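What follows is a short report on a single structure.
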2 protein chains.
Amino acid sequence: MAVIEVRHLRYFRAVAEDLHFGRAAERLRIAQPALSRQIQNLERELGVVLLARTQRSVALTPAGALFLERTQRILDELIKCVADARRVQAGEYGHLTVGFIHSSTYGLLPAILERFRHLYPEVELELHEMTVADQIGALPRRQIDVGLLRPPVGDPEIKVQTILEERFLLAVPSKHALAAERVISLQRLARESFILFSRQQSPLFHSRILSMCERVGFVPHVVQHATQIHTIVGLVGAGMGIALVPETASNLRISSVNFLEIAESPQPVEIALAWRMDKETPALRSFRQVATLVAQKMKMT
Amino acid sequence: MAVIEVRHLRYFRAVAEDLHFGRAAERLRIAQPALSRQIQNLERELGVVLLARTQRSVALTPAGALFLERTQRILDELIKCVADARRVQAGEYGHLTVGFIHSSTYGLLPAILERFRHLYPEVELELHEMTVADQIGALPRRQIDVGLLRPPVGDPEIKVQTILEERFLLAVPSKHALAAERVISLQRLARESFILFSRQQSPLFHSRILSMCERVGFVPHVVQHATQIHTIVGLVGAGMGIALVPETASNLRISSVNFLEIAESPQPVEIALAWRMDKETPALRSFRQVATLVAQKMKMT
DNA sequence: CCGATTGATGCTGGAGCGGTATGGCCGTGA
DNA sequence: TCACGGCCATACCGCTCCAGCATCAATCGG
């Protein structure tokens with residue numbers, strides 16, 4: 001025998017617990033002579049007498065008592081280690097670093113997190129609010145494992161999966177003349193004061209809104225630029241003007257703002273998951289699955 | 001394959017560290033195909049893919065990374081567990097509860113402890129000062145593993161080994177008429193005031209001293225009884241009288257007391273180790289060995 | 001003193017571990 | 001583009017060693 005094996009530990013533990021070779025062998029479902037010999041081999045390999053045996057009784061030596069205690073711990077750890085490895089593979093255990101855009105915090109992200117933490121309580125999530133550009137940079141550098149962002153991404157190494165499409169809504173102050181309507185045509189907004197996403201910080205929304213207006217024949221009269229949805233909705237609520245915002249904004253539930261549908265139903269904006277193709281870990285798979293399902297359910301309502 | 005063995009862990013660790021089957025096999029001194037198969041068996045048994053292998057490269061999966069970390073810990077623990085078991089057997093590691101009589105604290109016990117702690121720093125010693133009678137009671141009840149006491153013991157289950165013999169000396173105040181002598185005959189003490197060990201607490205010394213005096217034909221004139229050597233020597237130093245004490249007392253180094261040898265060189269008193277026959281543990285063996293050696297060295301000086 | 005109990009030993013068969021030879025796939029360099 | 005080399009997997013084989021069976025040896029109880 002070259003080295004000590006798990007078999008020796010299991011056998012020794014059985015004998016040490018029963019202090020009886022015959023019964024221990026029975027529990028182990030082997031014959032008693034086999035057990036005797038394995039214990040002898042173990043002791044020979046260790047150079048240590050673990051069990052003081054007379055013909056009638058078996059007792060632990062001090063070295064045996066120590067060895068039993070340690071052995072027990074090692075076997076327990078081995079079992080736990082196997083179980084945990086299986087759970088990692090099943091995506092139930094592990095670690096995931098998630099990047100997300102600010103606007104997802106109004107509804108989508110909390111919904112995903114709640115569901116995910118319920119289903120996979122032992123996957124540790126590390127959350128980082130980041131712009132889309134930062135996420136696209138952070139993914140290849142492995143600073144995040146998955147990003148919740150607005151496409152396009154445009155890196156062939158990064159996989160993108162759209163999980164949610166949002167229409168644009170018109171946000172108007174409650175006291176505004178249009179606030180009573182449910183649906184409105186963009187054409188009627190030509191003379192309104194607009195609060196608009198800034199070109200630098202939110203280029204996607206900026207260009208989308210401009211081209212929407214252009215298509216119906218006017219250039220919006222912009223009284224204020226802002227970057228984040230909640231800022232813009234806040235300004236609308238303060239009566240500063242109207243704004244076109246993705247429907248996520250209605251989750252903000254600001255009482256002084258009404259949200260109207262747009263008759264032309266312009267092209268929606270998307271929210272997507274993005275991740276490195278190569279490192280599709282089990283925890284990531286779990287996260288994608290949950291995010292997809294949660295987004296689908298949100299679409300329904 | 002029924003269960004995972006240490007072999008699998010060692011092999012997996014090697015591959016996971018090298019990320020190369022060929023080199024890992026070389027390190028393990030086995031052929032590469034054997035290694036490949038053992039890893040396959042391990043993965044099949046676990047139901048988990050630990051290594052992502054393409055034709056050109058090997059990488060750890062998340063489950064593999066976890067498994068490597070745990071595996072490493074388990075293997076380390078196994079090595080430590082084997083080493084510690086060997087050290088327990090060698091008496092270099094463990095625990096020992098020692099009972100000792102008060103008088104041993106003047107010289108013998110500290111000398112033994114110093115030597116023992118130097119040679120066996122990882123044997124934890126638990127020390128209890130106890131009378132001889134208490135020790136004899138505590139040994140079978142396993143409250144102490146070994147006792148440092150004065151024989152006789154008289155229990156066939158308890159082994160006794162004398163390690164030191166002490167002569168009796170005469171303690172006299174420095175200002176006493178006899179203080180200038182080096183050796184003195186007991187006969188000259190017939191009219192002196194004695195401080196004597198109490199019959200209840202120190203029956204051995206009490207009876208020994210009385211029989212010593214009886215042998216030369218007088219009954220000592222006792223002015224005070226006391227139990228512990230240092231009390232008696234203290235009273236001698238205060239000029240209260242003279243006393244017969246075991247030579248251990250001279251370790252007290254009280255300046256106002258002189259110690260004289262006794263011409264009749266009466267029967268010495270012994271200090272012995274006592275322990276249960278059945279539980280002769282390695283740590284106990286180490287302790288006995290050290291105690292014997294230290295006592296022998298004390299005899300020389 | 002005999003039978004029962006219990007751990008150890010001798011012998012045998014077979015599973016499985018490791019070795020050699022080889023295949024298959026992919027990247028590299030001329 | 002083709003040939004070569006690197007690397008992991010597969011096929012096959014021999015041998016080690018584990019487990020089982022039968023039996024022995026020692027000890028205890030009656």
Side-chain angles (χ1 to χ4, degrees), chain A residues 1-61 63-64 67-68 71 75 157 277-278, chain B residues 1-61 63-64 67-68 71 75 157 277-278:
Chain A
M1 182 177 59
V3 290
I4 292 160
E5 287 296 341
V6 170
R7 182 184 56 255
H8 299 114
L9 302 185
R10 287 181 32 242
Y11 288 7
F12 170 69
R13 176 179 58 178
V15 177
E17 283 174 358
D18 286 358
L19 294 178
H20 191 293
F21 279 73
R23 279 192 289 279
E26 200 178 349
R27 270 208 302 164
L28 294 168
R29 299 165 185 280
I30 61 172
Q32 169 265 315
L35 181 56
S36 279
R37 238 158 329 145
Q38 288 301 321
I39 299 291
Q40 286 168 25
N41 289 346
L42 172 61
E43 288 183 326
R44 183 156 37 80
E45 186 59 28
L46 287 172
V48 172
V49 179
L50 299 172
L51 294 163
R53 5 214 205 295
T54 68
Q55 300 290 350
R56 305 294 295 173
S57 73
V58 177
L60 281 169
T61 64
F67 199 75
L68 173 61
T71 285
L75 291 174
E157 290 297 302
M277 287 185 70
D278 60 327
Chain B
M1 182 176 58
V3 290
I4 292 160
E5 287 296 339
V6 170
R7 181 184 56 253
H8 298 113
L9 302 185
R10 286 178 37 240
Y11 287 6
F12 170 69
R13 176 180 58 179
V15 178
E17 282 174 357
D18 285 358
L19 293 178
H20 191 292
F21 279 73
R23 279 193 289 278
E26 199 177 350
R27 270 208 301 163
L28 294 168
R29 297 163 186 278
I30 61 171
Q32 170 265 316
L35 181 56
S36 281
R37 240 166 320 130
Q38 288 300 323
I39 299 290
Q40 285 168 25
N41 290 346
L42 172 62
E43 289 184 326
R44 185 156 38 78
E45 186 60 29
L46 287 173
V48 172
V49 180
L50 300 172
L51 294 163
R53 5 212 204 296
T54 68
Q55 302 287 353
R56 307 293 296 171
S57 71
V58 177
L60 281 170
T61 63
F67 199 75
L68 173 60
T71 285
L75 291 174
E157 289 297 301
M277 284 187 72
D278 60 326

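In this text the structure is predicted, and so the values were computed from the model without any measurement. All chains are named by letter (A, B, ...) in the order of the sequence lines, taking the proteins before the strands, and each is independently numbered beginning at 1.
- Scanning for salt bridge (Lys or Arg N to Asp or Glu O under 4.0 Å) contacts around A/R27 gives A/E17, A/D18, with sequence neighbours left out.
- No side-chain N or O of B/S36 forms a donor-acceptor pair with one of B/Q40 less than 3.5 Å apart.
- For A/Q40, counting side-chain heavy atoms from C-beta on, the closest listed nucleotide (C/dA8, C/dC17, D/dG20) is C/dA8.
- Spacing between atom CZ of B/R37 and atom C1' of C/dG19 amounts to 9 Å, rounded to whole angstrom units.
- Contact annotation: A/N41 side-chain N/O to D/dC17 OP1/OP2 distance is not under 4.0 Å.
- If you check residues 9-30 of chain A against DNA chain C, the residues with a heavy atom closer than 4.0 Å are A/H20, A/F21, A/G22, listed by number.
- Computed from coordinates, the A/L35 CG to C/dT6 P distance equals 14 Å when rounded to whole Å.
- Contact of the A/L50 side chain with the A/I39 side chain is not registered, since no non-hydrogen atoms from C-beta on lie closer than 4.5 Å.
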Do any N or O atoms of the protein come closer than 3.5 Å to N or O atoms of nucleotides 26-29 of chain C, and which pairs are they?
none

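- Per the geometry, CD belonging to B/E45 stands 11 Å off P belonging to C/dG16, to the nearest Å.
- Rounding to whole angstrom units, CD of residue B/E5 and P of C/dG16 are separated by 12 Å.
- In this structure, A/E43 and A/L51 have side chains that are in contact, with non-hydrogen atoms separated by less than 4.5 Å.
- Remark: B/S36 is not in phosphate contact with D/dC8, judged by side-chain N or O atoms under 4.0 Å from OP1 or OP2.
- At least one side-chain heavy atom of B/L68 sits under 4.5 Å from a side-chain heavy atom of B/R13.
- Comparing C/dG7, D/dG20, C/dG19 against the side chain of B/A34 picks out C/dG19 as the nearest.
- Within the 4.5 Å cutoff, no side-chain heavy atoms of B/Y11 are placed close to those of B/L42.
- Residues A/L46 and A/I4 are in side-chain contact: their nearest non-hydrogen atoms beyond the backbone lie under 4.5 Å apart.
- Remark on DNA chain D: of its neighbouring residues A/Q32 and B/R53, the 5'-side contact belongs to B/R53, judged by nearest-heavy-atom nucleotide.
- Remark: C1' of D/dA9 and CD1 of B/I39 are 13 Å apart, rounded to the nearest angstrom.
- As a whole-Å value, the separation of A/H8 NE2 from D/dA19 C1' is 13 Å.
- Here C/dG16 presents its C1' atom at 11 Å from CZ of A/R7, a figure rounded to the nearest Å.
- Distance check, rounded to the nearest 0.5 Å: CZ of B/R10 to CD1 of B/I30 gives 8.5 Å.
- A 4.5 Å side-chain heavy-atom check between A/T61 and A/F67 finds every atom pair outside the cut-off.
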